[in-house]
2 protein chains.
Amino acid sequence: MTKRILIADDHAFVSWGVAKALSALEDIEVIKSVANGIEAIIEIRKTKPDCAILDYNMPGANGLEVFLESKRWSPDTRFVLLTGSATTQTVNALVDAGIHGVALKDGTETEIIEIVRQVCAGKTAIGPSARLLMRLPAETVAVTDRELAVLQAIARGHTNASAAESLGISPKTVDSHRTSLMRKFDVSTSASLLLAAVKAGLLDPASIR
Amino acid sequence: MTKRILIADDHAFVSWGVAKALSALEDIEVIKSVANGIEAIIEIRKTKPDCAILDYNMPGANGLEVFLESKRWSPDTRFVLLTGSATTQTVNALVDAGIHGVALKDGTETEIIEIVRQVCAGKTAIGPSARLLMRLPAETVAVTDRELAVLQAIARGHTNASAAESLGISPKTVDSHRTSLMRKFDVSTSASLLLAAVKAGLLDPASIR
DNA sequence: CGGCAATTCAGGTGATCGCCTGATGGGCCG
DNA sequence: CGGCCCATCAGGCGATCACCTGAATTGCCG
């Protein structure tokens, strides 16, 4: 029985290469390639493929969002994350959300093919390189909602006082959260706190402002 | 006459996909694929290909470093940058350095093929998407050597005083440079200064510490 | 129900920052 | 040679930060 596969990746080379690789297999047919998250959700809902290969970084919606939304509309579709820049947090979030397979783009082409096959066969498959990421000293800093809000306010250039105003709370509360964050990240200045947050994947420099 | 091409990319899918695409052409032969910068330099020096396709982000040495080093040993080789995450600064640096072609990975496969063909033919080719990047409001903030040193010190968590000590200058001098930087970046806190520097490509969060 | 964590806020203190003016010397360029 | 920029440093001042203790409220989980 031929498996119908959808590929969602905004990098033409990757989707093209993967499509070529998978098309060479007899029991697999690539029915669609899309280049952004929104389109991926729409197409998965419409075509209900047996398997969807998702990039994480896509315009419109990221891999996690596509996965969560799409599986509501196409519960029988199995999902493989194929990402180039995966952090421990990203992989963990995807696995926690129940994704069926994870592969990194720096793996070999046989690696992803094998993962897709296994996932299509109903198994769960985490690629060796992705598994390595998960084993890493989790370095997971638990940040609460309000702490994150304060973090983003500081990133926008706010002082304690102006951040307080924009969040509608007392400057002292902002101070509390900021101090708490600095303790968690083991830094002693707001400046290096931001850098640490960027490194931890909590802040995206490009998306501020 | 068949062109001998080398591909350097640490993403297996990309190098594999590009190799497949180029191999389909009659007058092109992919003689080698490498996955890191050091290996790229060695192989280019050894094989002296007609054309080398370089990723920017690679372990060992980045695309710019590979280009600068390799052209000394193989002056007749023509170089194409193929990158997924290009900033205005990156592209400009490469073009300034005299690279022959620039293509982004989010382009179509025909785009890169066309660029490689043109570069092999002796022309200079900048892909449409890369050209778009260069047209962007250059947003180039000129930073002096000492300012950059101060910036990195702050990024490492130093205060004015401790940064001064590590640089062997007066705290007041550090203060001057930091103030000057904040003026240039149009921010009013050290924290958002760091974020702005990251956005501008002057700091790499991953490489601090 | 009782502990626990998150969130909120207060008061206080010393260190540091952000920014100002102003000065000195070196290097480059027309 | 006279600007001009860079790097160096000084003094000073008000705002802000970094960090402390302590405390009230809420909601969740066992």
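In what follows, chains carry the letters A, B, and so on, assigned in the order in which the sequence lines appear, proteins first and then strands, with residues in each chain numbered from 1. The model shown is predicted, which means the values in this text are computed figures rather than measured ones.
Rounding to whole angstrom units, CD of residue B:E147 and C1' of D:dC6 are separated by 9 Å. Between B:H177 atom NE2 and D:dC6 atom C1' the separation is 8 Å, expressed in whole Å.
Remark: side-chain polar atoms of A:R45 are not paired, donor with acceptor, to backbone N or O of A:W73 under 3.5 angstrom.
Taking A:R146 as the reference, nothing meets the salt bridge (charged side-chain N to carboxylate O under 4.0 Å, His left out) condition, with sequence neighbours excluded. With sequence neighbours left out, A:R178 forms a salt bridge (charged side-chain N to carboxylate O under 4.0 Å, His left out) with A:D175. Applying the side chain to side chain contact (heavy atoms under 4.5 Å, CB included) test to B:E39 and every residue at least two apart in sequence or in another chain returns B:V34, B:N36. For B:N62, the side chain to side chain contact (heavy atoms under 4.5 Å, CB included) criterion is met by B:Y56, B:L64, B:E65, not counting sequence neighbours. Every residue two or more places apart in sequence or in another chain that forms a salt bridge (charged side-chain N to carboxylate O under 4.0 Å, His left out) with A:R72 is listed here: A:E69. When the side chain to side chain contact (heavy atoms under 4.5 Å, CB included) test is applied to B:T77, the partners found at least two apart in sequence or on another chain are B:I44, B:P49, B:A52, B:S74, B:F79. Under the rule for a salt bridge (charged side-chain N to carboxylate O under 4.0 Å, His left out), B:D76 has no partner lying at least two apart in sequence or in another chain. A:D145 meets the side chain to side chain contact (heavy atoms under 4.5 Å, CB included) test with no other residue; sequence neighbours excluded.
Between its opening and closing five pairs, the helix from C:dC1-D:dG30 to C:dG30-D:dC1 changes axis direction by 50°, a value rounded to 10 degrees.
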Show every donor-acceptor pair shorter than 3.5 Å between a side-chain atom in residues 163-172 of chain A and any protein atom, with sequence neighbours excluded, or say none if there are none.
unit_1 : atom_1 : unit_2 : atom_2 : d
A:S166 : OG     : A:A163 : O      : 3.1
A:S170 : OG     : A:K172 : N      : 3.0

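On the nucleic acid side, DNA chain C contacts chain B at distances under 4.0 Å to non-hydrogen atoms, with the end points of that region at C:dT16 to C:dC20.
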Which letters describe nucleotides 10-29 of chain D, given B = protein heavy atom under 4.0 Å from base, S = only from sugar-phosphate, - = neither? BBB---SSBBS---------
